[in-house]
Engineer: 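Let me begin by handing over the structure; questions about it come next.
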Amino acid sequence: MSLIQTVAVIGAGTMGSGIAHVFARSHFDVILSDIEQGFLDAALARIRTNLGREAAKGKLPADQVDAIGARIRTTTDRAELASAEFAVEAASERFELKAELFRSLDSILPKEAVLATNTSSISITKLAAQTSRPEQVIGMHFFNPVPVMTLVEIIRGLQTNQATFDTVRVLSTQLGKTPIEVNDSPGFVSNRVLMPLINEAAYSVMEGVATAEAVDQVFQLGMAHPMGPLTLADFIGLDVCVDILRVLHQGLGDPKYRPCPLLVRMVDAGWLGRKSGKGFYTYSA
């Protein structure tokens with residue numbers, strides 16, 4: 001693979017902005033892309049805030065904050081991604097959306113470029129098949145908040161070659177992350193184990209076994225979890241949880257992954273967790 005200097009990040013939400021943050025902090029030039037300038041402006045503001053917090057805590061020299069921010073440029077025109085040697089897709093967890101993005105990126109980026117996806121559940125093999133370079137498609141699953149969490153799940157598709165895997169493993173360490181290889185299966189390891197926990201916690205509330213607060217306290221006080229599963233679900237986004245559960249249900253065919261009806265109703269109501277101000281808990285602005 002060629003030397004990577006410029007990285008394209010597609011999707012300027014929580015995960016995309018975090019990924020742009022860590023690449024810029026590690027001295028890569030970043031092109032952050034989304035469909036609306038407002039999304040990009042919000043992402044840049046979020047990145048500046050988080051860099052400021054790192055500097056205030058002594059984790060980053062204060063005189064580097066502006067320089068890191070200057071390494072990130074934004075665009076709503078995908079054609080401007082053509083100068084990138086590496087791309088990370090961080091769009092919503094919907095196969096049709098990601099497939100369209102991969103077809104587009106395949107036509108825009110240099111033929112040597114690696115196309116990575118931050119998907120937390122969708123088949124890398126299926127996404128790779130949307131391109132003319134399936135051997136250069138790979139899963140690079142970051143965790144939220146990206147600047148803080150050290151884990152990156154690296155997922156090979158059936159077609160992914162060793163050079164692509166080695167490139168992403170090295171990149172992960174350059175970002176200060178710990179890469180863990182897992183196989184291409186719905187939900188990989190993290191969400192295959194986590195989402196049933198969140199789902200059962202929601203069933204416990206729906207069936208009147210306990211309140212959300214009580215469920216979370218059981219896991220915090222009895223299992224030493226830093227936050228309970230329903231607080232975590234609100235943090236992830238209840239819509240994201242439902243999307244992942246549906247991928248698991250469809251991909252594995254096991255009814256234990258069927259999204260809890262309470263979760264589905266909450267998403268239908270627009271109660272998505274922290275990002276909407278209400279989920280299992282209510283959040284102030």
Side-chain angles (χ1 to χ4, degrees), residues 1-33 43 47 50-51 54 59-60 64 67-74 80-91 98 101-102 105-106 108-120 122 124-125 127-128 131 133-184 188-190:
M1 295 294 172
S2 59
L3 178 67
I4 295 172
Q5 296 179 314
T6 303
V7 174
V9 179
I10 301 88
T14 300
M15 296 303 294
S17 62
I19 294 167
H21 175 145
V22 298
F23 270 104
R25 191 176 64 188
S26 298
H27 306 286
F28 292 91
D29 294 324
V30 178
I31 309 171
L32 181 59
S33 172
I47 291 167
N50 290 335
L51 287 171
E54 289 180 358
K59 297 180 179 180
L60 183 73
Q64 290 188 16
I68 292 170
R71 293 189 194 110
I72 304 172
R73 64 183 175 93
T74 63
E80 294 187 19
L81 304 179
S83 60
E85 299 91 10
F86 187 89
V88 184
E89 170 274 318
K98 291 181 183 291
L101 279 172
F102 268 77
L105 293 172
D106 186 40
I108 293 169
L109 268 71
K111 64 180 182 180
E112 301 85 6
V114 168
L115 307 181
T117 174
N118 184 56
T119 182
S120 54
I122 293 171
I124 309 305
T125 299
L127 289 174
T131 76
R133 63 183 88 186
E135 69 283 354
Q136 292 162 228
V137 175
I138 193 167
M140 192 178 191
H141 180 207
F142 292 86
F143 289 76
N144 188 28
V146 179
V148 176
M149 302 297 280
T150 58
L151 173 64
V152 174
E153 280 184 314
I154 302 180
I155 308 100
R156 300 176 191 254
L158 181 64
Q159 316 94 315
T160 307
N161 64 23
Q162 188 63 38
T164 297
F165 178 84
D166 290 342
T167 295
V168 172
R169 181 173 55 191
V170 170
L171 270 181
S172 298
T173 58
Q174 288 176 325
L175 298 177
K177 306 301 184 185
T178 301
I180 303 294
E181 180 181 2
V182 302
N183 289 326
D184 187 15
F188 315 129
V189 171
S190 55

Engineer: Out of Val170, Val168, Leu175, which residue meets the side-chain contact (heavy atoms from CB on, under 4.5 Å) rule with Ser172?
Structural biologist: Val168

Engineer: Restricting to pairs with a member in residues 15-32, which pass side-chain hydrogen bond (donor to acceptor under 3.5 Å, both in side chains), not counting sequence neighbours?
Structural biologist: Ser17-Arg46, His21-Glu54, Arg25-Glu54, His27-Arg71

Engineer: Among residues at least two apart in sequence or on other chains, which ones pass salt bridge (charged side-chain N to carboxylate O under 4.0 Å, His left out) with Asp184?
Structural biologist: none

Engineer: Are any of the side-chain heavy atoms of Phe188 and Ile124 separated by less than 4.5 Å?
Structural biologist: yes

Engineer: With rounding to the nearest 0.5 Å, note down the distance linking CG in Leu151 to CZ in Phe143.
Structural biologist: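 That separation rounds to 4.5 Å.
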
Engineer: First locate atom CG of Leu101, then atom CD of Glu89, and finally report the distance between them rounded to the nearest 0.5 Å.
Structural biologist: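 Nearest 0.5 Å value for the CG-CD distance: 6.0 Å.
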
Engineer: Looking only at heavy atoms, which two atoms of Ala20 and Leu32 are closest? And how far apart?
Structural biologist: CB-CD1, 4.3 Å

Engineer: Is the shortest side-chain heavy-atom distance between Phe23 and Ile19 below 4.5 Å?
Structural biologist: yes

Engineer: Hey, are the side chains of Val152 and Leu171 touching, using non-hydrogen atoms and a 4.5 Å cut-off?
Structural biologist: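 They are not in contact (no side-chain heavy atoms under 4.5 Å apart), so the answer is no.
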
Engineer: So which atom in Phe165 and which in Glu181 form the shortest heavy-atom distance, rounded to 0.1 Å?
Structural biologist: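 Minimum heavy-atom separation between Phe165 and Glu181: CZ-OE1, 3.5 Å.
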
Engineer: Any donor-acceptor pair under 3.5 Å linking the side chain of Thr125 with the backbone of Leu158?
Structural biologist: yes

Engineer: Check whether any side-chain heavy atom of Ser33 sits under 4.5 Å from a side-chain heavy atom of Glu80, and report yes or no.
Structural biologist: no

Engineer: Rounded to the nearest 0.5 Å, what separates atom OG1 in Thr167 from atom CD in Gln162?
Structural biologist: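 The OG1 atom of Thr167 sits 10.0 Å away from the CD atom of Gln162.
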
Engineer: How far does CG of Asn50 sit from CD1 of Ile68, to the nearest 0.5 angstrom?
Structural biologist: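 Atom-to-atom, Asn50:CG and Ile68:CD1 are 11.5 Å apart.
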
Engineer: Closer than 3.5 angstrom, by distance alone: can the side chain of Glu153 be matched with the main-chain N or O of Val182 as a donor-acceptor pair?
Structural biologist: no

Engineer: Which heavy atom of Ala8 sits nearest a heavy atom of Leu81, and at what distance?
Structural biologist: CB-CD2, 3.9 Å

Engineer: How many angstroms lie between atom OG1 of Thr131 and atom CG of Leu109, to the nearest 0.5 angstrom?
Structural biologist: 11.5 Å

Engineer: Taking all non-hydrogen atoms of both residues into account, name the closest pair between Pro179 and Ile154 and its distance.
Structural biologist: CB-CD1, 3.3 Å

Engineer: Rounded to the nearest 0.5 Å, what separates atom OG1 in Thr117 from atom CD1 in Ile10?
Structural biologist: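 Nearest 0.5 Å value for the OG1-CD1 distance: 9.5 Å.
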
Engineer: Do the side chain of Lys177 and the main chain of Arg169 share a donor and acceptor less than 3.5 angstrom apart?
Structural biologist: no

Engineer: Are side-chain heavy atoms of Phe28 and Phe86 found at a separation under 4.5 Å?
Structural biologist: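 SC-SC contact between Phe28 and Phe86 ruled out.
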
Engineer: Under the side-chain contact (heavy atoms from CB on, under 4.5 Å) rule, what do Met15 and Val146 come out as? Steps first, then yes or no, please.
Structural biologist: CA-CA 7 Å; Met15 296 303 294; Val146 179; 3.6 Å; yes

Engineer: Ala84 and Ala113: which non-hydrogen atoms are nearest, and at how many Å?
Structural biologist: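 It is O-CB, 4.2 Å.
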
Engineer: Can you confirm whether Val137 sits close enough to Gln159 that some side-chain heavy atom of one is under 4.5 Å from a side-chain heavy atom of the other?
Structural biologist: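 When only atoms from C-beta onward are counted, Gln159 and Val137 do not touch, as no gap falls below 4.5 Å.
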
Engineer: What is the minimum heavy-atom distance between Gly18 and Pro147, and which atoms define it?
Structural biologist: CA-CD, 4.3 Å

Engineer: Under the side-chain hydrogen bond (donor to acceptor under 3.5 Å, both in side chains) definition, can you give me all pairs with a residue in residues 3-14, not counting sequence neighbours?
Structural biologist: none

Engineer: Could you walk me through whether Gln136 and Thr164 satisfy the side-chain hydrogen bond (donor to acceptor under 3.5 Å, both in side chains) test, starting with their C-alpha distance in whole Å, then the side-chain angles of each, then the deciding distance to 0.1 Å, before giving a yes or no?
Structural biologist: CA-CA 6 Å; Gln136 292 162 228; Thr164 297; 5.9 Å; no

